[in-house]
Amino acid sequence: MRNSVKLVNRRKIAHFFDLLRELVDRDMKLLYKRSTLGIAWTLINPLLQLAVFSFVFRTVIPVNIPQFSSFAFSGLLIWSWTQTALFQATGLITGNLALIRQPNFPTAILPVVTTTTGLIHFLLALPVLIIFLAVDGIQPNQVLLALPLLMVIQFVLTVSLAYPLAAMNVTFRDTQHTLGVLLQMLFYLTPIFYDFKSVPKEFQPFYQLNPMVPLIEAYRAILLKGTQPDWQSLLILSLVVAVLLPIGLGIFRRQSDRFVEEL
């Protein structure tokens with residue numbers, strides 16, 4: 001009996017990952033269909049933003065941040081992964097009607113697909129960041145072994161936020177537009193192109209409510225400083241994510257089931 005249960009569970013897990021691979025492959029093909037530059041767009045946008053930031057904060061309003069190119073580019077890549085995944089997640093239920101209608105289709109996989117696509121783009125851009133780090137004279141060390149853990153935390157955080165956003169868009173179709181404005185505001189309220197230490201101390205507690213702040217600070221501690229990240233902040237963030245994930249998943253499943261029933 002136990003062996004049969006284990007076999008069924010293994011088949012379910014294998015089916016989940018096979019389906020995930022197929023859906024991610026579909027998304028990648030659709031994203032760059034008829035595109036001349038293709039996946040190069042993964043780098044073009046952050047590099048153009050970096051060029052603007054470098055000009056503004058080195059020439060117009062000089063800031064005293066060592067290795068500014070690596071500093072800003074790392075922040076842009078980390079932010080872009082979550083921002084793009086959340087923005088695309090809002091239309092997952094309403095935009096995948098054909099899939100959701102399929103019998104026994106695991107609708108909850110859709111935000112995972114979007115976040116995985118963002119992870120692939122992040123990983124493809126990492127070699128360019130490594131080049132920036134090398135040009136700035138930053139040498140890798142053993143603390144880089146903690147980098148996959150940060151990616152896991154960011155992945156689960158993004159999925160946890162994507163679930164309720166996708167559910168919200170079912171009844172409130174302006175969610176995507178509203179989210180676009182909120183993400184634009186958060187972009188400037190996140191230390192992407194400026195140092196968190198430059199934020200006045202009375203505002204730092206409010207900044208730390210933003211889950212991207214401890215993540216970006218942890219990435220930079222590992223990549224730029226070669227030091228251990230703030231494990232206490234990451235532990236708190238992990239506990240918050242552990243609470244958000246089942247809540248978001250429950251909301252997503254209720255809304256997706258209700259949406260299918262109303263069709």
Side-chain angles (χ1 to χ4, degrees), residues 9-35 38-43 45-46 77-126 148-173 175-177 179-180 183 211-212 215 241-242 244-260 263:
N9 290 335
R10 287 177 183 174
R11 287 178 177 175
K12 286 182 178 179
I13 294 173
H15 174 70
F16 178 88
F17 282 104
D18 286 342
L19 182 59
L20 178 63
R21 185 181 65 253
E22 291 295 327
L23 292 175
V24 169
D25 183 60
R26 182 204 65 166
D27 277 8
M28 295 290 287
K29 288 179 179 178
L30 289 175
L31 188 60
Y32 299 111
K33 186 178 181 180
R34 297 182 181 178
S35 173
I39 207 164
W41 284 109
T42 304
L43 295 173
N45 185 45
L77 291 185
I78 298 161
W79 172 261
S80 296
W81 172 13
T82 296
Q83 179 193 39
T84 304
L86 293 183
F87 190 75
Q88 293 176 348
T90 54
L92 286 178
I93 296 178
T94 56
N96 286 281
L97 184 58
L99 286 175
I100 293 174
R101 278 180 166 174
Q102 295 294 323
N104 299 321
F105 177 78
T107 311
I109 199 176
L110 293 175
V112 180
V113 171
T114 301
T115 307
T116 303
T117 303
L119 172 61
I120 291 173
H121 288 128
F122 179 80
L123 293 174
L124 289 173
L126 266 184
L149 177 60
L150 299 187
M151 294 181 190
V152 170
I153 295 174
Q154 184 175 359
F155 187 96
V156 182
L157 170 66
T158 305
V159 172
S160 301
L161 296 175
Y163 277 132
L165 287 172
M168 192 181 301
N169 193 56
V170 174
T171 53
F172 183 56
R173 295 302 174 91
T175 299
Q176 191 173 55
H177 304 291
L179 180 65
L183 288 174
M212 293 302 297
L215 265 177
V241 168
L244 287 178
L245 181 61
I247 294 175
L249 178 58
I251 295 172
F252 179 86
R253 281 176 170 167
R254 284 195 298 271
Q255 282 294 83
S256 59
D257 292 343
R258 186 181 303 171
F259 181 69
V260 172
L263 294 175

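Just so it is clear, the model here is predicted, and its values are computed rather than measured. In what follows, residues are counted from 1 in the order of the sequence shown. Scope of the values below: all heavy atoms of this structure, side chains included, with no hydrogens, waters or symmetry mates.
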Leu99 CG to Ile109 CD1 distance, which is reported to the nearest 0.5 Å: 10.0 Å
Side chains of Thr94 and Asn169 in contact at under 4.5 Å (non-hydrogen atoms): yes
For Leu126, side-chain contact (heavy atoms from CB on, under 4.5 Å) partners two or more places apart: Phe122, Leu123, Leu129, Met151
Residue pair Thr115 / Leu119, side-chain heavy-atom distance below 4.5 Å: no
Note, Thr117 side chain near Leu23 side chain (heavy atom, < 4.5 Å): no
Please tabulate, for side-chain N and O atoms in residues 83-91, each donor-acceptor pair with protein atoms closer than 3.5 Å (sequence neighbours left out).
| from | atom 1 | to | atom 2 | distance (Å) |
| --- | --- | --- | --- | --- |
| Gln83 | OE1 | Trp79 | NE1 | 3.4 |
| Thr84 | OG1 | Ser80 | O | 2.8 |
| Thr90 | OG1 | Phe87 | O | 2.8 |
| Thr90 | OG1 | Gln176 | NE2 | 3.3 |

Inter-residue atom distance Leu179.CG - Met168.CE, 0.5 Å rounding: 9.0 Å
Test item: Phe252 and Pro111 side chains (from C-beta on) under 4.5 Å apart, heavy atoms: yes
Donor-acceptor pair, side chain of Gln154 and main chain of Leu215, under 3.5 angstrom: no
Sequence-distant partners of Leu245, side-chain contact (heavy atoms from CB on, under 4.5 Å), two or more places apart: Val156, Val159, Ser160, Tyr163
Which residues share a salt bridge (Lys or Arg N to Asp or Glu O under 4.0 Å) with Arg26, sequence neighbours left out: none
Contacts of Pro211 that satisfy side-chain contact (heavy atoms from CB on, under 4.5 Å) - sequence neighbours left out: Leu157, Leu237
Which atom of Gln255 lies closest to which atom of Ala167, heavy atoms considered: NE2-O, 3.2 Å
Any pair counted as side chain to side chain donor-acceptor pair (under 3.5 Å), so long as it reaches residues 103-114, sequence neighbours left out: none
Pair Leu110-Phe105, side chain to side chain contact (heavy atoms under 4.5 Å, CB included): steps then yes or no: CA-CA 10 Å; Leu110 293 175; Phe105 177 78; 4.1 Å; yes
Straight-line distance of Phe16 CZ to Arg21 CZ, nearest 0.5 Å: 12.5 Å
Spacing of Met212 atom CE and Leu161 atom CG [to the nearest 0.5 Å]: 9.5 Å
Minimum-distance pair of heavy atoms, taken over all atoms of Ala125 and Leu77: CB-CD2, 3.7 Å
Main-chain N/O of Leu92 paired to Asn96 side chain as donor or acceptor, under 3.5 Å: yes
CA sep, side-chain torsions, deciding dist, call: Thr82, Ile78, side chain to side chain contact (heavy atoms under 4.5 Å, CB included): CA-CA 7 Å; Thr82 296; Ile78 298 161; 5.9 Å; no
Derivation and outcome, side chain to side chain contact (heavy atoms under 4.5 Å, CB included), residues Leu20 and Phe17: CA-CA 5 Å; Leu20 178 63; Phe17 282 104; 4.3 Å; yes
